[in-house]
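All remarks here apply to the structure that follows.
Residues: numbered from 1 along the sequence shown.
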Amino acid sequence: MMFRNLIFCLLLAFFMGQEINLRAQSPIQRVEPPNWWVGMKEPGLQLMVHGENIANYEVKVAHEGVKLERVIKVTSPNYLFLDLHIAPSAKPGKVALTFADGKKTMDYQWELWEREDGSAERKGFSNKDVLYLITPDRFANGDPSNDMVEGMREKPNRKFKGGRHGGDIEGIRQHLDYIADMGFTAIWVNPVLENDMEEYSYHGYSTTDFYKVDPRFGSNESYRSMAREAREKGISLIMDMIVNHCGSLHWWMEDMPSEDWINVWPTYTGTNHRKSLWQDPYASSLDRKIFADGWFVPTMPDLNQRNQEMATYLTQNAIWWIEYLGLSGIRMDTYPYPEQDYMTEWTRRVMEEYPNFNVVGEEWYNDPSIVAYWQRGKQNPNGYTSDLPSLMDFPLQETMARALVTEESWGDGWIDLYERLAQDFMYADPHNLVVFPDNHDMSRIFSQLNEDIDLFNLAMAYTATIRGIPQIYYGTEILMKNPGTTDHGIIRSDFPGGWAGDKVNAASGEGLSKEAKAAQAMMKKLLNWRKSATAVHTGKLIHFVPEESVYVYFRYDAQQKIMVILNKNKGDYELNLDRFAEVLQDAAVGQEVLSGRSYRLEEKLALPPMTPLILELK
């Protein structure tokens, strides 16, 4: 009898062990989003579950306030999409997902988190901010131990201009004091999500995992920790996102959920990059399709936002990162390339969840009529309605650079920039555009201006005081340049001092040229002054037709009045103040921001050659 009981106990233990084993050997590889938050405005959430033959399983969800409303099966048996309803009454905690196929049962613990206080009311970046754009691989190598990561395809090679140089999130964290001291109040970081591509992976625009920071940059937690520390220092974070494409080595490319997950052509078809096609009343459907569905390059598959599961996945991913990192903004790459109706829905959902948030879209076109089409509030002839608050002001950037290097005449020089700004009537909200002298995809402004320090100073003064939200690329403040080439690997050169052994250190000033130190000091003074310049933040703008190589405009509100004088004369010049009387009124003195000098505002004002004057009027 005792023997039979022993055998029974052994067999029971064996089969119980088998059941435990079967539960442990789960085929589930991913559940995305990996968690969510209670108290979101939108109660619906769609989980993507990926695992071998997961479509053969029945699913149950156990958590008070969470209901499984629908299970969606797609072409691949290795995916399930679960539509959940998360009631306002739901509490944070572990949510039990149970998968059963009649033979075995698997449990998966998914989580609901509590939101941070004030998350929904978070303030997005605004005119009060100056954005510092960073390409992380080229900024600073704060943690050399993650330069080489086992299993990642591309290895570090700092000697190669297009290789991975080792910059990372820790490098940014270590420079937060420098960034804050310079007067920057927000950082826009080029993509740091996993880019496990074979080459040229450093730039970050070929995502291979939308929920994971590339381990060569750090981890999800290190990114979140850096964002928190930045906020403590008065610096908010703007995340660079891409919904148009992914990398060809993204994990789902070997087993896509459905045949229309990406846009597929009989033979490889690249986008035609003709951005006016959405607005063109005579455009062919084929040309529009090639623009929207064509691939950027062969290694960047074009995502199909007409697929509802894909669309939902991308939208939820953006909201997940906003909550997870505490973002104050998103910069959306290649904004006009996806389906335009989807982009309206994407921005609508983001702005619905965060009404005070800000999103800036990239529409690289030098005509304001094309850029303005995408801004929220614009009445378009074709009826298209956008929900995008902000755009990069490429037309103003291109015109500013050209105006500065062009000899003054009746139709060239400052007047070109004046006329460009006069086209602001096309925009629904020109003051919410992001203005910039350069970025990661174009020549450094110092190179664009033929390495002329006087022109550089004029460009910085204009960028910091004109309407809009200024953005400065890392290294612009120390005159980084790309002489004789437009190669992106050179444009995105390493920030001096970001690597052990660098002979020049931009943060400390060690080894910087006299000219670079002067430019850095000027930028520091200008940007720190701008923090409290309410007239520049939200004030009105009035400008006067440029005459004799001088461009004058005013920014003013109830508290402050600023006169900006941009002088391109190479010799001394006396500016007659009579024509500005409507704005000057009874102002007697102008305190110059950069030099600290006081100017008497009498009949004429002696201007130093090739110099900006930013006068606070009193």
Side-chain angles (χ1 to χ4, degrees), residues 41 124-127 241 243-244 271-285 287-289 291-292 305-306 311 314-315 318 329-399 416-436 466-469 471 537-543 553 555:
K41 183 170 184 179
F125 66 91
S126 71
N127 302 79
M241 292 188 180
V243 298
N244 180 66
T271 177
N272 51 32
H273 295 290
R274 299 300 176 186
K275 299 176 185 178
S276 62
L277 283 164
W278 288 126
Q279 298 90 343
D280 183 356
Y282 313 114
S284 75
S285 297
D287 287 339
R288 284 183 177 148
K289 179 176 174 57
F291 172 72
Q305 298 85 22
R306 292 182 300 274
L314 295 171
T315 302
I330 292 170
R331 180 266 185 181
M332 179 53 73
D333 183 66
T334 57
Y335 193 89
Y337 284 81
E339 287 298 313
Q340 62 173 345
D341 290 335
Y342 169 71
M343 294 314 299
T344 294
E345 177 60 15
W346 181 89
T347 46
R348 185 198 68 78
R349 278 284 292 113
V350 169
M351 299 306 297
E352 178 185 51
E353 204 68 62
Y354 311 96
N356 303 314
F357 197 64
N358 208 352
V359 179
V360 56
E362 180 200 31
E363 166 55 301
W364 192 336
Y365 207 86
N366 292 329
D367 187 334
S369 65
I370 301 299
V371 178
Y373 175 85
W374 298 99
Q375 192 172 32
R376 180 173 60 192
K378 175 68 173 178
Q379 299 297 311
N380 290 307
N382 66 2
Y384 176 70
T385 301
S386 178
D387 208 27
L388 178 66
S390 177
L391 286 122
M392 306 300 300
D393 196 345
F394 282 95
L396 200 68
Q397 186 284 326
E398 184 266 345
T399 307
D416 194 12
L417 188 56
Y418 172 92
E419 296 283 8
R420 177 62 81 207
L421 195 65
Q423 293 176 305
D424 270 6
F425 66 87
M426 295 186 186
Y427 296 107
D429 185 6
H431 287 260
N432 201 23
L433 300 175
V434 173
V435 296
F436 55 101
I466 202 61
R467 60 92 179 116
I469 305 165
Q471 167 252 296
H537 299 165
T538 56
K540 294 181 180 180
L541 166 66
I542 182 170
H543 64 164
Y553 56 89
R555 302 298 307 276

- Just jot down the side-chain contact (heavy atoms from CB on, under 4.5 Å) partners of Asp429, sequence neighbours excluded, or say none. Gln375, His431, Asn432
- What closest approach, in Å, do His273 and Tyr337 show between heavy atoms, and which atom pair accounts for it? ND1-OH, 2.7 Å
- Note on the structure: Sequence neighbours excluded, the answer for salt bridge (charged side-chain N to carboxylate O under 4.0 Å, His left out) partners of Lys378 is none
- Query: For Arg376, what residues pass the side-chain contact (heavy atoms from CB on, under 4.5 Å) criterion, not counting sequence neighbours?
  - Reply: Met351, Asp387, Pro389
- Task: Could I get the full list of salt bridge (charged side-chain N to carboxylate O under 4.0 Å, His left out) partners for Arg555, not counting sequence neighbours?
- Result: none
- Who are the side-chain hydrogen bond (donor to acceptor under 3.5 Å, both in side chains) partners of Trp374, not counting sequence neighbours? Glu363
- Query: When rounded to the nearest 0.5 angstrom, what distance separates CG in Leu277 from OG in Ser285?
  - Reply: 10.5 Å
- Task: Determine the minimum heavy-atom distance between Arg288 and Trp278, stating which atoms define it.
- Result: NH2-O, 3.9 Å
- Query: Once you round to the nearest 0.5 Å, how far does CD1 of Ile466 lie from CG of Asp424?
  - Reply: 8.5 Å
- Scanning both residues in full, the closest heavy-atom pair of Asn244 with Pro338 reads OD1-N, 3.4 Å
- Spacing of CZ belonging to Arg274 relative to OH belonging to Tyr365, to within rounding of 0.5 Å: 8.0 Å
- Residue pair Tyr335 / Leu391, side-chain heavy-atom distance below 4.5 Å: no
- May I have the step-by-step check of side-chain contact (heavy atoms from CB on, under 4.5 Å) for Leu421 and Tyr553, ending in yes or no? CA-CA 11 Å; Leu421 195 65; Tyr553 56 89; over 6 Å; no
- To the nearest 0.5 Å, what is the distance between CG (Asp333) and CE (Met392)? 11.0 Å
- Query: Can you tell me if Glu362 uses its side chain to pair, donor with acceptor, with the backbone of Thr334 under 3.5 Å?
  - Reply: yes
- Item | Chi angles and distances behind the side-chain contact (heavy atoms from CB on, under 4.5 Å) call for Gln423, Arg420 | CA-CA 5 Å; Gln423 293 176 305; Arg420 177 62 81 207; 2.6 Å; yes
- Could you list the residues that satisfy ring pair (Phe, Tyr, Trp, His ring centres under 6.0 Å) with Phe357, not counting sequence neighbours? Tyr354
- Message: Checking Asn380 now: which residues fulfil side-chain hydrogen bond (donor to acceptor under 3.5 Å, both in side chains) with it, not counting sequence neighbours?
- Response: none
- Taking only residues two or more places apart in sequence or in another chain, which ones pass ring pair (Phe, Tyr, Trp, His ring centres under 6.0 Å) with Tyr373? Tyr384
- Task: Under the salt bridge (charged side-chain N to carboxylate O under 4.0 Å, His left out) rule, collect the residues that match up with Arg306, sequence neighbours excluded.
- Result: Asp293, Glu339
- Query: Which pairs with one or both residues in residues 343-360 pass salt bridge (Lys or Arg N to Asp or Glu O under 4.0 Å), sequence neighbours excluded?
  - Reply: Glu345-Arg348, Arg348-Glu352, Arg349-Glu352, Arg349-Glu353
- Message: For Asp416, give me all partners under side-chain contact (heavy atoms from CB on, under 4.5 Å), at least two apart in sequence or on another chain.
- Response: Thr399, Arg402
- Note on the structure: Shortest non-hydrogen pair, His543 vs Ala422, comes out as CE1-N, 4.4 Å
- So Trp346 and Gln305, side-chain contact (heavy atoms from CB on, under 4.5 Å) or not? Walk me through it. CA-CA 10 Å; Trp346 181 89; Gln305 298 85 22; over 6 Å; no
- Task: Working to the nearest 0.5 Å, report the span between CD1 of Ile370 and NZ of Lys275.
- Result: 10.5 Å
- Among Asp393, Thr538, Asn127, which residue meets the side-chain hydrogen bond (donor to acceptor under 3.5 Å, both in side chains) test with Arg467? Asp393
- Side chains of Asp287 and Asp280: closer than 4.5 Å at any heavy-atom pair? no
- CG/Asn366 to CZ/Phe394 distance, rounded to the nearest 0.5 angstrom? 8.5 Å
- Do Ile469 and Val360 have side chains that get closer than 4.5 Å, going by heavy atoms? no
- Least distance between heavy atoms, Pro368 atom then Pro395 atom: N-CG, 3.9 Å
- For Tyr427, which residues count as a ring pair (Phe, Tyr, Trp, His ring centres under 6.0 Å) partner, sequence neighbours excluded? none
